[in-house]
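What follows is one structure encoded as structure tokens, with my remarks underneath.
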Amino acid sequence: GRNGFIFIADRKGRILSHTGISETTGKNIASVTSESLTHDEILRLSEKKNGYYEIKWDAENLPMKRNSIVTSFPIPDWGWTIGIGFFTDD
């Protein structure tokens with residue numbers, strides 16, 4: 001896609017920043033995805049061998065529902081997970 005994104009989530013799953021859907025900033029990732037992903041699940045997914053997974057961003061308060069392909073990695077010292085991805089409709 002033309003427009004990739006980066007998001008940062010803290011230990012509790014709160015999104016600290018999301019360059020693709022700014023409305024998710026400050027919200028828990030479980031409240032803005034159809035899978036209701038928890039931070040622990042994102043960490044588990046980020047340890048998969050190929051490291052890629054799909055996230056469906058579709059909370060009621062988002063301007064549009066979008067699917068994405070994401071890879072992520074933990075930064076344990078800061079308690080963050082960094083996700084990098086792209087929207088499949090780009």
Side-chain angles (χ1 to χ4, degrees):
R2 290 176 279 134
N3 300 306
F5 63 85
I6 297 172
F7 71 87
I8 302 169
D10 68 11
R11 280 190 178 100
K12 295 180 181 180
R14 184 173 46 112
I15 298 172
L16 304 176
S17 179
H18 193 307
T19 63
I21 309 175
S22 61
E23 294 84 0
T24 63
T25 300
K27 295 182 173 41
N28 191 287
I29 196 160
S31 72
V32 294
T33 64
S34 64
E35 295 88 1
S36 297
L37 292 172
T38 65
H39 186 255
D40 288 341
E41 289 169 7
I42 289 175
L43 287 175
R44 182 181 52 77
L45 289 168
S46 69
E47 293 169 356
K48 286 173 46 175
K49 187 172 176 100
N50 65 10
Y52 294 94
Y53 51 96
E54 184 176 353
I55 294 180
K56 296 178 183 176
W57 305 93
D58 68 354
E60 285 182 26
N61 57 346
L62 298 181
M64 65 176 18
K65 317 294 187 219
R66 299 188 82 180
N67 293 335
S68 63
I69 304 296
V70 175
T71 189
S72 61
F73 56 93
I75 302 181
D77 290 345
W78 293 353
W80 289 1
T81 298
I82 308 292
I84 302 166
F86 63 91
F87 297 111
T88 58
D89 60 357
D90 271 351

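Side chains included, hydrogens not; waters and symmetry mates left out as well; all remaining heavy atoms used.
- The only option from I75, L16, T81 that meets the side-chain contact (heavy atoms from CB on, under 4.5 Å) definition with I8 turns out to be L16.
- The minimum heavy-atom distance linking H18 with T24 is given by the pair CB-OG1, 3.2 Å.
- Nearest heavy atoms, S72 versus G83: CB-CA, 3.8 Å.
- The line from CZ of R14 to CG of N28 is 9.5 Å long, rounded to the nearest 0.5 Å.
- Within the 4.5 Å cutoff, the side chain of I29 has heavy atoms near those of the W57 side chain.
- In this structure T19 satisfies the side-chain contact (heavy atoms from CB on, under 4.5 Å) test together with F5, I6, sequence neighbours excluded.
- For the atom pair NZ of K56 and OG1 of T88, the computed distance is 9.5 Å after rounding to the nearest 0.5 Å.
- Atoms OG and CZ, from S22 and F7 in turn, are 15.0 Å apart once rounded to the nearest 0.5 Å.
- Looking only at distances, no side-chain donor or acceptor of D89 sits under 3.5 Å from a matching main-chain atom of N67.
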